[in-house]
Protein chains: 2
Amino acid sequence: MNEQLQPLKKQPRAGKAGRSGTQDDIVYAHIFEAILEQRLAPGTKLSEEALGEIFGVSRTIIRRALSRLAHEGVVLLRPNRGAVVASPSVEEARQVFLARRLVERAITELAVQHATAEQIAELRQMVNDERDSFSRGDRGAGIRLSGEFHLKLAEAAMNAPLISFQRSLVSQTSLIIAQYESGNRSHCSYDEHTQLIDAIEKRDGELAVNLMMHHMDHIDSKLNLDEEGASDDLHAVFSHLLQTKKPGRPSAKL
Amino acid sequence: MNEQLQPLKKQPRAGKAGRSGTQDDIVYAHIFEAILEQRLAPGTKLSEEALGEIFGVSRTIIRRALSRLAHEGVVLLRPNRGAVVASPSVEEARQVFLARRLVERAITELAVQHATAEQIAELRQMVNDERDSFSRGDRGAGIRLSGEFHLKLAEAAMNAPLISFQRSLVSQTSLIIAQYESGNRSHCSYDEHTQLIDAIEKRDGELAVNLMMHHMDHIDSKLNLDEEGASDDLHAVFSHLLQTKKPGRPSAKL
DNA sequence: CCACCGTCCATTGTGTACAATCGCGCTGTT
DNA sequence: AACAGCGCGATTGTACACAATGGACGGTGG
């Protein structure tokens, strides 16, 4: 339990109050990555003290990071009960996908208008990285990079609120994919990303939007949101036995 | 500086760790309201210690509340420099409005599909409250209630991510209105809200969306985002002198 | 007289101690 | 033996103490 990560402790030991927010960001990014790459399974308890020891920081920092993650929807903060990795229900997944369709359409249209040559080049680079990850068999990194592609696209749309919203949606999408993907197919078609970039570069808005919508369809179809397998959400598992429940799920899983 | 608010201190004094998050919520809500009702002007410094004394809680609580507010975009957190009430630039305002058009359209369509009779009744109640506030001359509460109407509408859309995003957008919108409104006109036409509810109740999606878009136009037209008066953003004030800044201002258009 | 620089002070960033809460196992009773 | 009530341990929630940062102020030199 005493082993700690090196990169965190670039300085002696304690008391390096400086670099405001840097520690937060590091912890946040590490947990975030671990969740999105499915190294942390949904439902896993995230103990503040344990994380503090692992990263070599106090609970204060951990707590801030968890707070941010909860705000993005990848972590569930249960009052007095600690934090766990979120395990989106089917209904939550549907809502996220609905919202994403909406946002992705808008982002695509805006990106066609505003994307600079530099941004397009960066997008191509990201697709390359993504392809590399998949060819290396690093599925987790692939999911993450695929998400980062969509995030980069949002940046090209030049709209801060949309970027922020997209970050949250992409994070949750990655979590959903990790949880519900029907394993056999190669799940993220990076060639669709390439086609999308081509359309954006040609400033063909209609084509780009169509491609994006098809891309969304493909992602959607690769998930089995209808018959969810092996959930730890008892309410969902036995939902067919319940007659009068509210549309929204309590989302409390044990 | 020693005067404190009563409602906060419902119990003896310190150590009431219970009711997890309640104190946070109270502090958060109070600051939030104060900002939206323009009792706190944009740019005002929000000292942690001062707020802590006012609310009778420690800086820990204040810090969390400020963090949440920053996440929603109504407070700006400057590392090592403290928090201030956000003062959205014209460009930021444009981005928020663009995003809102997008989201409001989707919310309206979803609300037409999903709104229950109960929710519609609640919406009518909110419009009443809003009208009362304006007739009382309580402009601040009016702005806030107008925002809460749109938030309630988002709830009727039954999509958690959209609700969360809408909350952020509405907050920022209120701040923008408070900052940029050209003072003479009565600014929020609650009768438009009433018409909107009627359309939703009749399940007339096309009409509802049209009304919502016109509503957005009206809000937009009441702001003078073109000639911003007396900004404290030097970059914006002297932007015409700068040659190599960010690529101009991408016109807000979809 | 103005500009530069070193010191001070106010304020934030972080770690840590302590108190409250929740879940869980134990014991006693029926 | 099963269930209810109760204390206990573990973990989170809060407050506070200390360290570090950044700006302000005043002194000194040009």
Side-chain angles (χ1 to χ4, degrees), chain A residues 1-2 4-5 8-28 31 43-71 75-85 232 234 250 252-254, chain B residues 1-2 4-5 8-28 31 43-71 75-85 232 234:
Chain A
M1 272 327 174
N2 278 342
Q4 300 172 339
L5 295 178
L8 259 267
K9 332 201 60 197
K10 52 194 173 186
Q11 288 304 325
R13 167 64 184 59
K16 52 186 183 311
R19 284 319 182 273
S20 67
T22 292
Q23 293 191 121
D24 295 46
D25 293 337
I26 295 174
V27 172
Y28 165 83
I31 301 178
T44 304
K45 180 123 193 290
L46 299 171
S47 157
E48 295 180 358
E49 191 176 355
L51 289 171
E53 276 192 21
I54 290 170
F55 289 103
V57 296
S58 82
R59 282 177 47 214
T60 309
I61 310 295
I62 302 295
R63 180 172 277 267
R64 274 224 297 282
L66 291 178
S67 192
R68 286 179 58 186
L69 290 163
H71 214 81
V75 155
L76 181 64
L77 238 49
R78 304 166 304 175
N80 279 315
R81 306 269 324 279
V84 293
V85 178
D232 54 356
L234 292 181
K253 86 234 111 253
L254 304 186
Chain B
M1 275 317 188
N2 278 341
Q4 300 174 339
L5 295 178
L8 258 268
K9 333 201 58 195
K10 50 194 173 186
Q11 286 306 323
R13 168 60 184 55
K16 53 182 184 313
R19 283 319 181 276
S20 66
T22 291
Q23 292 190 121
D24 295 45
D25 293 336
I26 295 174
V27 173
Y28 165 83
I31 301 178
T44 304
K45 179 112 189 290
L46 299 171
S47 158
E48 296 180 359
E49 191 176 354
L51 289 170
E53 276 192 21
I54 290 171
F55 288 103
V57 296
S58 83
R59 282 177 47 214
T60 308
I61 309 295
I62 302 294
R63 180 172 278 266
R64 274 226 295 283
L66 291 177
S67 191
R68 286 180 58 186
L69 290 164
H71 222 60
V75 155
L76 181 63
L77 236 50
R78 303 165 304 175
N80 279 316
R81 308 270 320 281
V84 293
V85 178
D232 55 356
L234 290 181

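Naming: A, B, ... by sequence-line order, numbering from 1 per chain.
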I need the [atom1]-[atom2] distance between [X] and [N], as an integer number of Å.
X     : N      : atom1 : atom2 : answer
A/R63 : D/dT12 : CZ    : C1'   : 6 Å
A/L66 : D/dT11 : CG    : C1'   : 13 Å
B/I26 : D/dT14 : CD1   : C1'   : 15 Å
A/D25 : C/dT14 : CG    : P     : 10 Å
B/E53 : C/dT11 : CD    : C1'   : 14 Å
A/N80 : C/dC24 : CG    : P     : 14 Å
B/L51 : D/dA15 : CG    : P     : 14 Å
B/I62 : C/dT11 : CD1   : P     : 15 Å

Determine: side-chain N/O of [X] to OP1/OP2 of [N], distance under 4.0 Å, yes or no.
X     : N      : result
B/T60 : D/dT14 : no
A/Q23 : C/dG13 : no
A/K45 : C/dG23 : no

What is the distance from atom CG of B/L77 to atom CG of B/L46, rounded to the nearest 0.5 Å? 9.5 Å

Roughly how far apart are A/L76 CG and A/L66 CG, rounded to 0.5 Å?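 Here the interatomic distance stands at 11.5 Å.
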
Does the distance from a Lys or Arg side-chain N to an Asp or Glu carboxylate O, for B/D25 and B/R68, drop under 4.0 Å? yes

May I ask you to decide whether A/R63 forms a salt bridge with A/E48, counting only side-chain N to carboxylate O separations under 4.0 Å?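 So A/R63 pairs with A/E48 through a salt bridge.
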
Taking donor-acceptor contacts at under 3.5 Å, does the side chain of A/R64 reach the base of C/dG13? no

Under 3.5 Å donor-acceptor pair, B/R81 side-chain atoms to C/dG13 base atoms: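 No pair found.
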
